[in-house]
S.K.: 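This is the structure, below, for whatever I ask next.
Numbers here simply count residues along the sequence, with the first being 1. Both ligands and their constituent atoms are indexed starting at 1 by order of listing. Everything numeric in this text was worked out from a predicted model, so none of it was measured.
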Amino acid sequence: MKIAILPGDGIGTEIVAEAVKVLNVLDLKFESETALVGGAAYEAHGHPLPDATLKLAKQADAVLFGAVGDWKYDKLERALRPEQAILGLRKNLGLFANFRPAICYEQLVGASSLKPELVSGLDILIIRELTGDIYFGQPRGRRQSPDGLFPGAEEAFDTMRYTRPEIERIARVAFEAARKRGKHVTSVDKANVLETFQLWKDVVTEVGKDYPDVKLDHMYVDNAAMQLVRQPKFFDVVVTGNMFGDILSDEAAMLTGSIGMLPSASLNANNQGLYEPSHGSAPDIAGKGVANPLATILSAAMMLRYSLNQPQAASRIESAVEHVLAQGLRTADIWSEGTTKVGTQQMGDAVVAAITKKTITKS
Ligand code: IPM
Ligand code: MG
């Protein structure tokens, strides 16, 4: 097993260090190599995704990724901005299937902005298509408007497009995933307005015929955004395109009150994957030792399960995380009256202790 470790920017380095610490106590045999990515790579090599980093990622069975980005790079030309690193990795590795679970941990029900009864027991899996849609569609650019309301005016345009095979494969991923859980898929589209999402809806409906045991419904994206805050427990697996998935997955994450808790996985057709926390690089708290490492630690667990075929090791991590929460340990983002505030390293140490065992469970 070979793991490429790409900590990136901001809190990325701090949280990835904790996840690596956890992986190291699991008695697994794996090789790992660390490389720069994002702003850190731009500073050192003039590009957010240097060839050496991309090569390392391609050769690895899995990539453990921290986060990229900092406001100070906002003025760079687009191709050099840190975000291009993650988009480049997705595209070059063909990571089309993005799994973003939104799980509300019982101990953290109070951290949600929704009423406890709406989110208690919440367990949604958002499956976002990750290599198509308006994110990558060509043509795109800026030009003088050739027509329309203001001919000759400066204009910018992007292209939303999906091919049938792209929709088919992500739909299959969603139905397969639903089979292993609540057997309910909600496909989110905008078929009432967009051709792209009429095709999406048609293809998902066709693929759904192969899965008669899974209930399929369709929802327009505006309604889905509303239902996510109105009755989030309606959802089991949500499958949608790249852009709608970007937006809805942030919304769903916040239902749990703790984006610092949510891992994600991005897989290609060979189960090679990139694993990263759902949150970003949080430059405002970088270097302070206060970031929550649990999303990254849980991403490492997803990596063991999906790409490295080590489900038992994955479960050990997940149980350890539940254990530290039950102990009342909280980083600042999830802290509340009556719990114990800890820093990034202390949280990592507590997870390690819970895995290597009983040392702390006895107290
Ligand atoms: C995400 C992020 C990225 C995206 C950015 C950083 C390019 O928001 O992973 O959700 O838009 O996909
Ligand atoms: Mg996003």
S.K.: Taking 4.0 angstrom as the limit and counting only heavy atoms of R128, give me the atoms of ligand 1 inside it, by number and element.
M.R.: 1 (C), 4 (C), 9 (O), 10 (O), 11 (O), 12 (O)
S.K.: Could you tell me if S307 and Q272 have a donor-acceptor pair between their side chains, going purely by distance under 3.5 Å?
M.R.: no
S.K.: Going by distance only, is there an N or O of D246 that falls short of 3.5 Å from an N or O of ligand 1?
M.R.: yes
S.K.: Measure from NZ or CZ of R179 to the centre of the six-membered ring of Y211 and say whether it is under 6.0 Å with the direction within 45° of the ring axis.
M.R.: no
S.K.: Would you kindly specify which portion of R90 sits under 4.0 Å from ligand 1, judged on non-hydrogen atoms: side chain, backbone, both or neither?
M.R.: side chain
S.K.: To the nearest 0.1 Å, how far is atom 4 (C) of ligand 1 from its closest protein heavy atom, and which atom is that?
M.R.: Y135 OH, 3.4 Å
S.K.: Using a strict cut-off of less than 4.0 Å between a Lys/Arg side-chain nitrogen and an Asp/Glu carboxylate oxygen, indicate whether E276 and R90 qualify as a salt bridge.
M.R.: yes
S.K.: Specify the protein heavy atom at minimum distance from atom 1 (C) of ligand 1: its residue, its atom name, and the distance to 0.1 Å.
M.R.: R100 NH2, 3.3 Å
S.K.: Need the atom name: nearest N/O/S atom of D246 to the Mg ion (ligand 2).
M.R.: OD1
S.K.: Distance only, no hydrogens: is a donor on one side chain within 3.5 Å (strictly under) of an acceptor on the other, for S266 and R128?
M.R.: no
S.K.: Looking only at protein heavy atoms, which one is nearest to atom 6 (C) of ligand 1, and what is the separation?
M.R.: E83 CG, 3.7 Å
S.K.: Cationic tip of K91 within the cone over F136's six-membered ring, i.e. under 6.0 Å and within 45° of the normal?
M.R.: yes
S.K.: Is D236 salt-bridged to K183, cutoff N-O under 4.0 Å?
M.R.: no
